[in-house]
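Just so it is clear, the structure is predicted and the values come from calculations on it, not from any experiment.
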Amino acid sequence: MGYVFNSMKVAVFSTRKYDRKYFDQANELIGHELVYFENLLREETAQLAADCECVCAFVNDKLNEQTLALLAQGKTRLIAMRCAGFNNVDMEAANKHGLTVVRVPAYSPHAVSEHVIAILMALYRTTHRSHNRVREGNFSLEGMVGHEVFGKTVGVIGTGKIGALVAKLFLGFGCKVCAFDMREDEELTRWGVRYTDLDTIWETCDIISLHCPLLPTTKHLINEDTLAKMKSGVTIINTSRGALIDTAAAYHALKSGKLGFFGIDVYEEEDNLFFEDLSTEIIQDDLFMRLTTFPNVFITGHQAFFTDTALTNIADTTLANISKFDASGSCANQVLIG
C-alpha cells in the first residue's frame, strides 16, 4: 500500500552541485519543493528555513539548542539528516522543541569500506608519491620501499555494516582480524574474526581501523594513553568521525615514531576545512597543516562515502524519509532518544 502525502518544502543546507544533481534526480517522481542553500546550517542561517516544513542537513551543520529553537519558531517540524551520523544534533533539544530527526543509516557501506583499503594501500605502497614522481619523469625507487598487508594483525573497532565489510576485506588479504564491539557479529565470528577487548587491540594489532559512532564515551578514543599501549609503528585509519582521535596526541606519536602510518578521511576540526576550496587561502589550522607535511600521513577530505551509488542512495532514502514522515508522522529511520 502506497503512502499519500503532500509535497513538503525542504531547505537543503550545505549543498554543492553534486547534491543538487542527485536530489533533483530522486525528486522527479516525488515532487517535494527543494530549496538549496550553500550555507552551513548554523544559528546565523536558521532563519533561511523559516517557511520550510523540513530542513535537510549534513555532517558539518551545527544543530545545537539555539539553531533548533530558531527552526522550531518557524514552520520546521522535521530534520532530515542526509548521513548516518547525528552527533552534530542536540537530540534533547530537538525533542524539547518537537522536532523529529531522521537519518540515512546505510547509504553504501561498500564505498566507505573500500576507501579504507584505498588509504591503506596508498600509505603502504606510496602510490600517491609514485604517481607524482612519474609525472615529473622521476622513475627512481629511492625512498619508495613498501609494506605488505598480508599476515598483519588488524583491529576493527566497531563492526556495524561498514566495520563488518572492512573485517572481511582484511581477511581476504590474509590478515588476522580482531574486533571490538558491544555486540558481536556471529557471521564475522564464523568467518574467523576474533572479538576481544580494546586493550588487546591496542597491544597486539599492526593496523587499527575505526568504525564506531562519536559519543561522549568514544571521543578521543585514540589518545596519548591508548597510543602508549600500541606497538611501535602501528597504522591507524579513521573513516568514521574525526573526534575519535586526539589529533595532537597523534601528531606527537608520529614525531616519536610510535605511530608509523596515519590515514584519515575525517578530522575533528574539519567543519572549517572540508568540502571547501581553500586552495587560494592561507589555512589557519596549524596542526592540520603540519600533518600534511608527514610522508607517512594520507588525508582525504571526507570523501569515503563519495560514490555514485552512495549519492543515489542518500538522495533516495532522504526523500523517502521525508515522504513517510509527511504521510504518517513517523519513519523507520527516525532517531530516538532514551
Original post:
Quick check: does any side chain N or O of Glu184 sit under 3.5 Å from a backbone N or O of Met182, one acting as donor and the other as acceptor?
Top reply: no

**OP:** Examine the side chains of Thr15 and Glu38 and answer whether a donor and an acceptor come within less than 3.5 Å of each other.
**Re:** no

Subject >> Within 45° cone and under 6.0 Å: Arg133 NZ/CZ vs Phe139 ring >> reply: no

Original post:
Should we count NZ of Lys231 as having more than 12 external heavy atoms under 6.0 Å?
Top reply: yes

Original post:
In terms of side-chain heavy atoms, does His115 have a donor or acceptor partner in Thr300 at a distance below 3.5 Å?
Top reply: yes

Subject >> Test item: Tyr22 and Ile314 side chains (from C-beta on) under 4.5 Å apart, heavy atoms >> reply: no

**OP:** Tell me, yes or no, whether the heavy-atom count around Glu92 atom CD, taken from other residues, nucleotides or ligands under 6.0 Å, exceeds 12.
**Re:** no

**OP:** Over 60° means perpendicular and under 30° means parallel, so classify the ring planes of Phe275 and His302, tilted if in between.
**Re:** tilted

**OP:** Report yes or no: does Asn223 contribute a side-chain atom to a donor-acceptor pair with the main-chain N or O of His220 at less than 3.5 Å?
**Re:** yes

Original post:
Which value, rounded to the nearest 0.5 Å, describes the distance between Arg77 atom CZ and Leu71 atom CG?
Top reply: 14.0 Å

**OP:** Quick one: sort the Tyr251 and Phe294 rings into parallel, tilted or perpendicular, breaks at 30° and 60°.
**Re:** perpendicular

Original post:
Would you find more than 12 non-hydrogen atoms of other residues, nucleotides or ligands less than 6.0 Å from Glu224 atom CD?
Top reply: no

Original post:
Quick one: does Asn333's side chain have a donor or acceptor within less than 3.5 Å of a partner on Val104's backbone?
Top reply: no

**OP:** Would you please indicate yes or no on a ring centroid separation below 6.0 angstrom for Tyr195 and Phe180?
**Re:** no

**OP:** Look at atom NZ of Lys75 and say whether more than 12 heavy atoms of other residues, nucleotides or ligands are closer to it than 6.0 Å.
**Re:** no

Subject >> Donor-acceptor under 3.5 Å (Asn238 side chain, Ile264 main chain) >> reply: no

Original post:
What about the rings of Phe150 and Phe173, do their centers lie closer together than 6.0 Å?
Top reply: no

**OP:** Would you mind reporting whether Leu221 and Ile157 have side-chain heavy atoms less than 4.5 Å apart?
**Re:** yes

Subject >> Lys258 atom NZ: more than 12 heavy-atom contacts under 6.0 Å >> reply: yes

**OP:** Taking atom types as modelled, find out whether Thr67 and Asn64 have a side-chain donor-acceptor pair closer than 3.5 angstrom.
**Re:** yes

Subject >> Distance-only donor-acceptor check, side chains Ser14 and Asp61, under 3.5 Å >> reply: yes

Original post:
Regarding Thr200 and Asp197, is there a side-chain donor-to-acceptor distance under 3.5 Å anywhere?
Top reply: yes

Original post:
Is the backbone N or O of Lys62 less than 3.5 Å from a side-chain atom of Asn88, with the two atoms forming a donor-acceptor pair by type?
Top reply: no

Original post:
Does the ring centre of Phe58 sit less than 6.0 Å away from the ring centre of Phe13?
Top reply: no

Original post:
Is Tyr124 close to Glu148 at the side-chain level, that is, under 4.5 Å between some pair of heavy atoms?
Top reply: no

Subject >> Flag, side chain of Thr45 to backbone of Leu40, donor-acceptor distance under 3.5 Å >> reply: yes

Subject >> 4.5 Å side-chain heavy-atom contact, Val166 and His211 >> reply: yes

Original post:
With under 30° as parallel and over 60° as perpendicular, where do the rings of Tyr107 and Phe305 fit, or are they tilted in between?
Top reply: perpendicular

**OP:** Please answer whether the main-chain N or O of Gly260 pairs with a side-chain N or O of Asn296 as donor and acceptor at a distance below 3.5 Å.
**Re:** yes

Subject >> Ala72 to His97 - nearest heavy-atom pair and separation >> reply: CB-CB, 3.7 Å

Subject >> Under 3.5 Å: donor-acceptor pair, side chain of Thr239, backbone of Val112 >> reply: no

Subject >> Heavy-atom side-chain proximity of Ile79 to Leu68 below 4.5 angstrom >> reply: yes

Original post:
More than 12 foreign heavy atoms under 6.0 Å from NE2 of His128: is that the case here?
Top reply: yes

